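Source: prediction; values computed, not measured. Just so we're on the same page: letters track the sequence lines, and every chain starts at 1. All values below were derived from every heavy atom in this structure, side-chain atoms included, with hydrogens, water molecules and symmetry-related copies excluded.
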Amino acid sequence: MLEKTFDAADVEPRIAALWEKADAFRAGAGAKPGAKPFSIVIPPPNVTGSLHIGHALNNTLQDVLARFERMRGRDVLWQPGMDHAGIATQMVVERQMMERQEPDRHKIGRAKFVEKVWAWKAESGGQIINQLKRLGASCDWSRERFTMDEGLSRAVTKVFVELYRAGLIYKDKRLVNWDPKLRTAISDLEVEQVETKGKLYYFKYPIEGEAGRFIVVATTRPETMLGDTGVAVHPDDERYKDLVGRYAILPLVGRRIRIVADEYADPEAGTGAVKITPAHDFNDFEVGKRHGLPAINILDVVANVSLDGNADFVEGVPSGEELRTTIATLHGLDRFSARKRIVAMMEDRGLVEKIEDHVHTVPHGDRGGVPIEPYLTEQWYADAKTLAAPAIAAVREGRTVFVPKNWEKTYFDWMENIQPWCISRQLWWGHQIPAWYAPDGTLFVAATEREAQAEADARFGGHTPLKRDEDVLDTWFSSALWPFSTLGWPDETPELARYYPTSVLVTAFDIIFFWVARMMMFGLHFMKEVPFRDVYIHALVRDEKGAKMSKSKGNIIDPLVLIDRYGADAVRFTLAAMAAQGRDIKLAESRVEGYRNFATKLWNAARFAEHYDCRPIDGFDPSGATETLNRWIATELTLATRSVTTAIEAYKFNEAAGAIYRFTWNLFCDWYLELIKPVLNGEASAAKEETRATVAWVLDRIVALLHPFMPFITEELWARSGERPLLAFGPWPDPGFEDDVAASEINWLIGLISEVRSVRSEMNVPAGAMVPLLVSGASADTVDRLRKHDVVIKRLARSDGITLADMPLSGAVQVLVGEATISLPLAGVIDLKAEKARLTREADKTRKEIAKIDAKLGNEQFRAKAPEEVVEEQRERREEAEALLARTEAALARLPESD
RNA sequence: GGGCGGUUAGCUCAGCGGGAGAGCACUACGUUGACAUCGUAGGGGUCACUGGUUCAAUCCCAGUACCGCCCACCA
């Protein structure tokens with residue numbers, strides 16, 4: 001016996017245990033012999049992560065695909081795992097240490113700290129895996145991988161070494177985005193532009209040898225002036241022409257700085273003269289290079305001003321009282337305090353021309369949240385430009401296809417303008433770079449220390465002490481290998497041969513650059529083949545204002561709360577139903593509630609089947625059914641099956657969800673189950689047996705079609721209706737037969753009942769009142785149908801008798817169905833005025849409709865140019881409308897005069 | 001500055017060259033032995049605006065307004 005309502009909290013864990021026990025998601029489980037592989041690698045969530053709504057969407061869609069293909073008999077591998085998330089994880093552990101008032105990482109040292117991170121991972125990392133299981137994700141959990149696993153680390157090392165040897169990874173000293181809070185370099189992608197209200201300061205720099213003359217520069221970053229080594233003006237700028245090649249004296253410092261002509265200077269911006277600080281600005285760095293201006297770094301790793309003992313800073317500067325004061329005042333100040341002090345010092349000297357309010361964007365580190373500094377350091381880079389070429393070609397040639405297609409433009413735009421990828425990070429948690437330095441700085445890159453040592457010893461002829469590079473790799477470096485490293489690469493495993501390239505990658509657009517592009521580059525380089533055939537880019541789930549959800553904004557919808565409240569099936573169905581291509585999802589909880597109700601509806605349909613003892617019959621084939629209702633519902637199921645299947649194949653998840661929803665609720669429950677009640681409540685008969693079998697048969701297929709979206713309730717219902725293999729293994733329903741005759745008969749029946757109900761309701765006939773139906777003008781076919789469905793019409797239209805009449809009943813309410821007119825004698829019951837109004841309204845509506853069609857048909861151009869079937873359709877519609885109008889007018893005429 | 005997307009019922013969203021849709025909310029009636037997490041019926045939209053293409057535009061094109069996102073840059 002099925003319980004009165006579906007209790008998700010009770011069923012979900014039980015079903016999950018069932019799957020686990022059956023090892024249902026293991027790669028190849030349930031696959032047909034000779035099955036084609038279908039593989040997906042999960043976008044690995046951060047080990048620090050907790051399931052947010054974006055994960056819920058992302059994994060629901062992957063699971064729909066995985067379950068769909070598994071049911072179809074494909075050999076499915078959904079490869080799960082997690083990302084070590086270098087910066088995020090290191091921050092979490094450091095914060096925890098701080099809260100516990102333990103000594104910080106610098107005190108305990110690298111080895112101890114890394115050990116602590118591993119301990120943290122073992123203890124509290126990876127909660128998200130269990131959360132994904134709660135969602136119902138059918139990953140092959142036995143194959144779970146972690147980017148810092150031994151195997152994956154081996155892959156990372158191999159990739160680094162090979163790319164280094166191929167010249168595609170190199171060291172370079174240039175400006176990087178430096179996060180002073182995290183004390184590490186970060187890549188361009190990890191920088192966020194934040195609009196900030198600031199000031200624009202106009203500083204006067206004295207011209208050398210011409211007392212009282214200044215060149216005025218505008219800057220938003222006064223503190224960097226200490227590192228100025230030039231002033232640039234546009235070569236065509238008449239105002240400054242005579243100053244080019246001469247020198248200004250840098251205030252507070254006394255350094256001679258050259259005035260150069262450079263296209264970079266924009267005569268329209270500021271004063272047209274711009275100070276050049278090569279060590280602290282990307283553009284200035286380039287200008288400096290062009291003109292041979294030195295780059296003087298005046299900040300330390302935490303972005304405090306560093307002047308004392310800074311040889312570059314004082315080089316060539318005559319040491320005097322002013323310089324000593326400057327150093328004493330500013331050295332060691334953080335950059336923001338230094339800014340204020342410098343402005344004050346400049347003001348004291350009368351060198352501030354003006355200060356304006358200024359809104360500009362300031363680059364911030366996406367993790368640390370503080371402004372980043374362009375900072376001159378030596379880092380490791382990957383030659384992204386070279387690696388990108390095959391990745392661009394692969395998409396151009398359609399070897400990898402983006403869905404929706406328009407994301408390919410985004411991909412190309414970025415790939416074609418790709419910059420060197422800074423891959424080193426000054427962190428401790430991550431893959432340490434396999435590079436060692438001899439005392440003289442000679443570099444040895446090798447897979448192991450032993451190999452590096454051997455190389456070094458050979459080179460120097462004797463034992464050479466080596467020191468390993470301290471840096472670790474960008475987390476995305478290991479993520480980029482995910483589609484093949486998780487399959488066992490660099491070993492030539494059977495899984496690698498079978499499941500690479502993967503079938504589809506499902507992800508949100510915000511990591512196309514971070515991840516998709518880099519997997520393409522590395523996959524093509526090392527596997528000589530694209531990592532995935534399709535890339536399905538889904539929406540971002542946003543808050544009600546359309547903003548990205550984030551912890552800091554506090555606008556998060558927690559999927560786990562939704563799961564607790566409505567069940568995983570309802571949450572999944574909601575996300576799938578809203579996953580229309582190319583549009584973001586603004587989630588409303590009421591939708592989840594609505595789909596929870598849908599689950600309840602399905603549950604009750606199953607209770608109906610149970611109540612009437614409808615059991616699946618082996619080998620039942622509805623094409624042999626004799627009952628029109630059964631042939632009709634089987635026909636509708638065929639259409640629904642086809643819609644669901646083609647929609648999933650095309651990644652149109654919302655269409656698939658909508659098709660099965662409508663069939664289940666609006667056809668199967670609302671009509672079919674109501675229409676067959678008389679049969680099921682009647683005497684034992686062949687028709688009754690056939691109907692019972694059909695109910696069970698259709699319900700089984702509904703449950704199957706719904707399984708990719710609502711795996712828990714469907715698996716439960718499947719198990720409850722008979723001993724058989726798990727639904728997770730299918731079968732996926734094939735479209736069955738179609739019977740147009742049955743379909744048109746039942747559609748007529750539905751139309752008739754709806755019309756009668758509608759009129760009754762408008763006439764305020766009490767729901768319990770039985771009203772006879774007098775049918776006139778009916779064709780022979782209609783008479784047959786009326787006889788055939790007599791019982792059900794009476795039941796659903798609340799009538800105590802259907803009789804044929806020659807003429808519509810005068811003074812009765814008239815319903816027009818097809819060619820027939822049905823009279824409802826409601827003389828005493830109804831409001832004649834209301835009825836007259838109703839018919840008049842209907843006639844007006846029909847007249848408008850006719851007028852509209854006439855306008856079209858009367859148009860010669862339309863008849864000449866529109867496709868024939870469209871013209872024909874309009875003619876038919878006109879005929880129908882015309883007939884309807886005639887009968888409506890007749891009904892009106894028969895109405896007795898009221899008042 | 002460049003690019004992308006959006007504007008459809010009170011709300012959240014589908015749809016789309018030829019008859020405006022769903023869920024929720026709302027109104028009326030209803031416990032007819034699957035289901036009140038329900039049933040039946042109903043109200044509600046000049047499909048942002050302006051032009052154009054077309055026999056025909058909510059849908060295609062161009063422009064405008066507003067909203068949002070991405071990229072680059074800002075002296």
message = Checking Thr846(A) against Lys848(A): is there a side-chain donor and acceptor pair closer than 3.5 Å?
response = no
key: Which residues share a side chain to side chain donor-acceptor pair (under 3.5 Å) with Asp188(A), sequence neighbours left out   = Asn177(A)
request  = Could you point out which residue of Leu351(A), Val216(A), Asp228(A) forms a side chain to side chain contact (heavy atoms under 4.5 Å, CB included) with Tyr205(A)?
outcome  = Asp228(A)
inquiry  = In this structure, how many angstroms lie between the P atom of U40(B) and the CD1 atom of Ile753(A), rounded?
reply    = 12 Å
Can you name the atoms? Protein N/O to nucleotides 51-58 of chain B N/O, anything below 3.5 Å, with the distance.
unit_1 : atom_1 : unit_2    : atom_2 : d
C55(B) : OP1    : Lys865(A) : NZ     : 2.1
C55(B) : O2'    : Asn859(A) : ND2    : 2.8

inquiry  = For a quick check under 3.5 Å, do His234(A) and Asp266(A) share a side-chain donor-acceptor pair by atom type?
reply    = no
ask   = Please, what dot-bracket string fits RNA chain B when only Watson-Crick and G-U pairs with both distances under 3.5 Å count, crossing ones use [ ] and pairs to another strand use |?
value = (((((((..((((....[..)))).(((((.......))))).....(((((..]....))))))))))))....
inquiry  = I'd like to know whether the aromatic ring centres of Phe6(A) and Trp603(A) sit less than 6.0 Å apart in this structure.
reply    = yes
Nearest-nucleotide 5' precedence on RNA chain B, Gly768(A) against Tyr264(A) = Gly768(A)
query = For atom CZ of Arg615(A), is the number of surrounding heavy atoms from other residues, nucleotides or ligands below 6.0 Å larger than 12?
reply = no
message = Rounding to an integer number of Å, can you tell me how far Gln193(A) CD sits from C70(B) P?
response = 11 Å
request  = Compute whether any side-chain donor of one residue and acceptor of the other, for Tyr201(A) and Glu356(A), lie under 3.5 angstrom apart.
outcome  = no
inquiry  = Any base atoms under 4.0 Å from Tyr661(A), or only sugar-phosphate, or nothing? Heavy atoms, all strands.
reply    = sugar-phosphate
Without placing hydrogens or testing angles, list every side-chain donor-acceptor pair under 3.5 Å for residues 661-671 of chain A, not counting sequence neighbours.
unit_1    : atom_1 : unit_2    : atom_2 : d
Thr664(A) : OG1    : Ile660(A) : O      : 2.6
Asn666(A) : ND2    : Asp670(A) : OD2    : 3.4

U40(B) OP1/OP2 closer than 4.0 Å to side-chain N/O of Ser754(A) = no
task = Tell me whether the centres of the aromatic rings in Phe653(A) and Tyr536(A) are closer together than 6.0 Å.
result = yes
Separation of the C1' atoms in G6(B) and U64(B), to the nearest angstrom = 16 Å
query = Which nucleotide in the list C73(B), A75(B), A41(B) gets nearest to the side chain of Ser761(A)?
reply = A41(B)
task = Specify the separation, in whole Å, of atom CD of Glu762(A) and atom C1' of A28(B).
result = 12 Å
A72(B) versus U54(B) - spacing of their P atoms, nearest Å = 43 Å
I'd like a table of atom pairs between the protein and nucleotides 31-38 of chain B - only N or O on both sides, under 3.5 Å - with the distance next to each one.
unit_1 : atom_1 : unit_2    : atom_2 : d
A34(B) : OP1    : Lys677(A) : NZ     : 3.1
A34(B) : OP2    : His611(A) : ND1    : 3.4
A34(B) : OP2    : Tyr612(A) : OH     : 2.8
A34(B) : O2'    : Asn604(A) : OD1    : 3.0
A34(B) : O2'    : Arg607(A) : NH1    : 3.1
A34(B) : N6     : Cys669(A) : O      : 3.2
A34(B) : N6     : Glu674(A) : OE2    : 3.1
A34(B) : N3     : Asn604(A) : O      : 3.0
A34(B) : N3     : Ala605(A) : N      : 3.4
C35(B) : O4'    : Asn604(A) : OD1    : 3.0
C35(B) : O2'    : Asn604(A) : ND2    : 3.2
C35(B) : O2     : Lys601(A) : NZ     : 2.7
C35(B) : N3     : Lys601(A) : NZ     : 3.0
A36(B) : OP1    : Lys4(A)   : NZ     : 3.2
U37(B) : O4'    : Asn597(A) : OD1    : 3.4
U37(B) : O2     : Arg596(A) : NE     : 2.9
U37(B) : O2     : Thr600(A) : OG1    : 2.5
C38(B) : OP1    : Asn597(A) : ND2    : 2.8
C38(B) : O3'    : Lys601(A) : NZ     : 3.2

ask   = When we call it a touch if two heavy atoms are under 4.0 Å apart, what does Ala577(A) touch: a base, just sugar-phosphate, or nothing?
value = nothing
ask   = Given atom CG of Leu540(A) and atom C1' of C67(B), what is their separation to the nearest angstrom?
value = 16 Å
key: Pairs involving residues 597-609 of chain A, ordered by first then second residue, that meet salt bridge (charged side-chain N to carboxylate O under 4.0 Å, His left out) (sequence neighbours left out)   = none
request  = Give the nucleotide from the list G15(B), C69(B), A75(B) with an atom nearest to the side chain of Thr220(A).
outcome  = A75(B)
ask   = Touch check for Ala218(A), heavy atoms < 4.0 angstrom, all strands: base, sugar-phosphate only, or nothing?
value = sugar-phosphate
request  = Please report, rounded to the nearest Å, how far the P atom of C70(B) is from the CG atom of Asp188(A).
outcome  = 16 Å
ask   = Does any donor atom in the side chain of Lys652(A) or Thr646(A) lie under 3.5 Å from an acceptor atom in the other side chain?
value = no
query = In terms of heavy-atom contacts, does CD of Glu868(A) have more than 12 from other residues, nucleotides or ligands at under 6.0 Å?
reply = no
request  = Ignoring hydrogens and angles, answer whether the base of G23(B) and the side-chain atoms of Arg591(A) contain a donor-acceptor pair closer than 3.5 Å.
outcome  = no
ask   = Once you round it to whole Å, what is the distance between C1' of A14(B) and CZ of Phe653(A)?
value = 16 Å
query = To the nearest angstrom, how far is Trp671(A) atom CH2 from U40(B) atom C1'?
reply = 9 Å
